[in-house]
Amino acid sequence: MAGMQRAMVACTKFFCPPAEGSSPAGQRSFLGFTSFSIRDLLKSKEPHISLSLRTMDRVNEVGEVKVSCLQMEGESGDRTPPEHKCSELCDSLHSSVHERENSPTMRAVLCAQVCKVYRFQTEDQRWLLVREQMSETPLSFSLPKQLLSALIREHTDRVREVKELGDLSPHWDGLRHDVINHCNHLVCGYQETLSELDKLSVSSSFKSSCSKSDKHLQFVPTNLHSQRMEVTDPDSAGVWYEVITFGAPSDHHQAFKHGGLKKLLSKRTNSTDSSVSYSEDESSRARELLSNVAQLQPLVFGLAEELLAVSLEHNTARLQEVLEALAQQTELFVHALKDELVRSALLAIHNQFSANYNSSHVHSNGLICDNTSDGRDGESSPGQQDAGRQDAEYDEEEWDRTWANVAKSLNCIIVMLDRLQGREDQPQDQTPSDQQDAAPGDTNSQNTASSSLSAASWQEQLLPLVVTLRDCVREAVCKARAAMTFVILQGAVACTLNQGPTQIVQRRHAVFSQTLSAAVCGFMLKLYGGLEDPEFLQQLLSVGLLVQFEGLLSTYGDEVGMLEDMEVGVADLSGVAFTVTEAKTEQPDDLLPTLRGAWGRFVVEVPLPSETFTSLPREVKEGRLILVHPVLFNIGINQQQSLAERFGDSSLQERVNQQSCERLRVYCQSLRERLPHMAGIQSLSDSLSSLERCIETKKRKNVEVLWIAATVCRQVNGVRLTSCKSAKDRTAMSVTLEQCVLLRDKHTLSQQSFSSALDCMRR
């Protein structure tokens, strides 16, 4: 009966002033829910309509509720008939609630919605209709599962790539074994976690705070909700305000005995020897070069053998055809070798060996690599050597001579064939210096050819030159393969071993997963609300999206570690980009975002229905990336923060706020430069100056920092996210206060109603 009474009371209070002394809201529990069109209620000939209440799963009926329609009292000085005013308000509410909230996109992103409706008085004695909606989201599980799948693919591919490098020297083979062990450990753990999430996501899309330490829920954000408020008054349509709430992204399973990510990564950086590292693009170039060399080397060798075979036939036309093919493939081979990456990698190999000379290292396979003169092996076969002479000063021009010898060897063959065919008596294009630089075998062969052209066969004249060409190609391939193997291995090491032990990597991935899920939810809601705003879409393409995280964590105890986790998780979002795509259908699964890419360069694809997608600007439809600019502002507000400020250390909070303020200023500066006519853009300087002053004053529990940061974020159409330890008490207090401040500042909520509105929302 309590549920039926609440539905009836909520509806009647929506349209008429409360009686004197009555409570603005009560504490009751819902037995069930129902929905109806207010337009139908107003047009009904009966004084009330009867509706069936159903449970949240829509399966069982739990009772019936009668909804009555009462006229709103007219406002002073307003001659509009009350029934017309009521109809206008209901039309507005009906349009915003039923059309927008029941759209396929919103149904795909939000679920398990709980709504409350309030009516508050303004300064001019008018009425605000406020609809508060809290929703869960399937993104809580959807995105973590996609991230886990992407990480499993990435590390599996890396294992395959290093295994394909073939035979390596003991040191490099030990390094490869370390990389494989690291990747396999992560893949095994992530496959187990993904399997558990697949089972759990069938029956749930939410992780409660009591499960925040669950091992298999590390990647799932805690208490992730969208908190949305729609404000409607008689003069305007509904205005939406949104904030995403979730527990501070952190790894509660590993806990905080040794601190959070920022501290752990800082220790790792300080204790790790500096070594050369290569980007993913450079590793891709190395793989491509290895592939090209592996294809071109047998082609060059095969054509050289064919040239010798054809020379026996004395078929000038056929000989010229084979020679042209050999020249073409050799030129491609030399062009591939001239990549600057090979030269720099050979130098890096020499420098690294020199730096690690007289040191040893134990790899995960038990191999002890001794880099001393006694422990070094001699030069070994291609693929097993550490490239070049490491006991002498490295000659940076040696590599240029290596690939140049290939070209010179080919030139000698061309000159010889011209002589054999009687086209010219002497090589006109070869200078004495070229002859001096050529290999001894080349010179001897040319002298022999010039002295006994008539006596020897063509094959005998060409054979020494072909052998020289093959030797030069082998030497170049050997060095290039060693250099590119080094690049690929160092790239793999940079993405695995250099990131720290697997426990730190898992922690970072888990924290990032929680942060990403919340940010994507906020972006999708912001995008859906701004699809008809060309200026907003242009802002996304020109500057990117501001994502502002509001932290309420103290700098005392375990929450220090949580803040350190959160700082790194928020910073990692800068490697994420969004793009808009056209959905295949309007089914919920086809409207969920998808994740592609690899660590540090993930792209989130947000699908839109075809009808909506076709109306977007051309740049958006072409898949232009939308960059993410994350900032984090934290102010501890509980009793533990009082202890930290009196007896502890709050430097972490001060540093986080200062760095985020600088990043926020850079973003706003870019916005002013690229969109100078954007509404409210000129007033940002004053707000940013106020924010800087608040941070510099170091006032205790200075929540004004959060208020100003939130104001700037809303001015620039940013996404707002609020977190405390579990997204319960402190987060609820912050969100409700923010909502009431918005009602007061944006919609003239009367001062007398402010406290009652705040109490009402917090019940």
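Being a predicted model, the structure only gives us computed values, none of them experimental.
- Inter-residue side-chain proximity for Val606 and Phe578 is flagged as met; some heavy-atom pair is nearer than 4.5 Å.
- Side-chain atoms of Ser279 come within 3.5 Å of backbone atoms of Glu282 as a donor-acceptor pair (strictly under, hydrogens ignored).
- With rounding to the nearest 0.5 Å, the separation of CD in Gln113 from CD in Glu136 is 10.0 Å.
- Every residue two or more places apart in sequence or in another chain was checked for a side chain to side chain donor-acceptor pair (under 3.5 Å) with Thr697, and none qualifies.
- Ionic pairing of Glu605 and Arg596 is present here: one or more N-O contacts between side-chain nitrogen and carboxylate oxygen are shorter than 4.0 angstrom.
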> What's the verdict on side chain to side chain donor-acceptor pair (under 3.5 Å) for Glu559 and Ser554, showing C-alpha distance, side-chain angles and the deciding distance?
Replying inline: CA-CA 6 Å; Glu559 292 195 10; Ser554 68; 3.1 Å; yes

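- Under the 4.0 Å criterion applied to side-chain N and carboxylate O atoms, Glu280 and Arg287 are assigned as salt-bridge partners.
- Pairs passing the salt bridge (Lys or Arg N to Asp or Glu O under 4.0 Å) check and including a residue from residues 179-191, sequence neighbours excluded, do not occur.
- Classified by interplanar angle (parallel below 30°, tilted 30° to 60°, perpendicular above 60°), the ring pair Phe486/Tyr278 is perpendicular.
- Side-chain atoms of Tyr241 and Glu738, non-hydrogen and from C-beta on, never get closer than 4.5 Å to each other.
- Side-chain N or O atoms of Lys701 include one that pairs as donor or acceptor with a backbone N or O of Asn638 at under 3.5 Å.
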Under 3.5 Å, sequence neighbours excluded: what are the donor-acceptor pairs made by side chains of residues 510-520?
residue, atom, partner, partner atom, Å
Ser513, OG, Phe219, O, 2.7
Gln514, OE1, Ser250, N, 3.3
Gln514, NE2, Gln218, O, 2.7
Gln514, NE2, Ser250, O, 3.1
Thr515, OG1, Val511, O, 2.8
Ser517, OG, Ser513, O, 2.9

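- One N or O on the side chain of His629 and one on the backbone of Val543 form a donor-acceptor pair closer than 3.5 Å.
- Thr736 contributes no side-chain N or O that, together with a main-chain N or O of Leu758, makes up a donor-acceptor pair within less than 3.5 Å.
- In this structure, Leu139 and Pro593 have side chains that are in contact, with non-hydrogen atoms separated by less than 4.5 Å.
- Looking at Ser660, its side chain never comes within 3.5 Å of a backbone N or O of Asn657 through a donor-acceptor pair.
- Between the Glu567 side chain and the Val656 main chain, no donor and acceptor come within less than 3.5 Å of each other.
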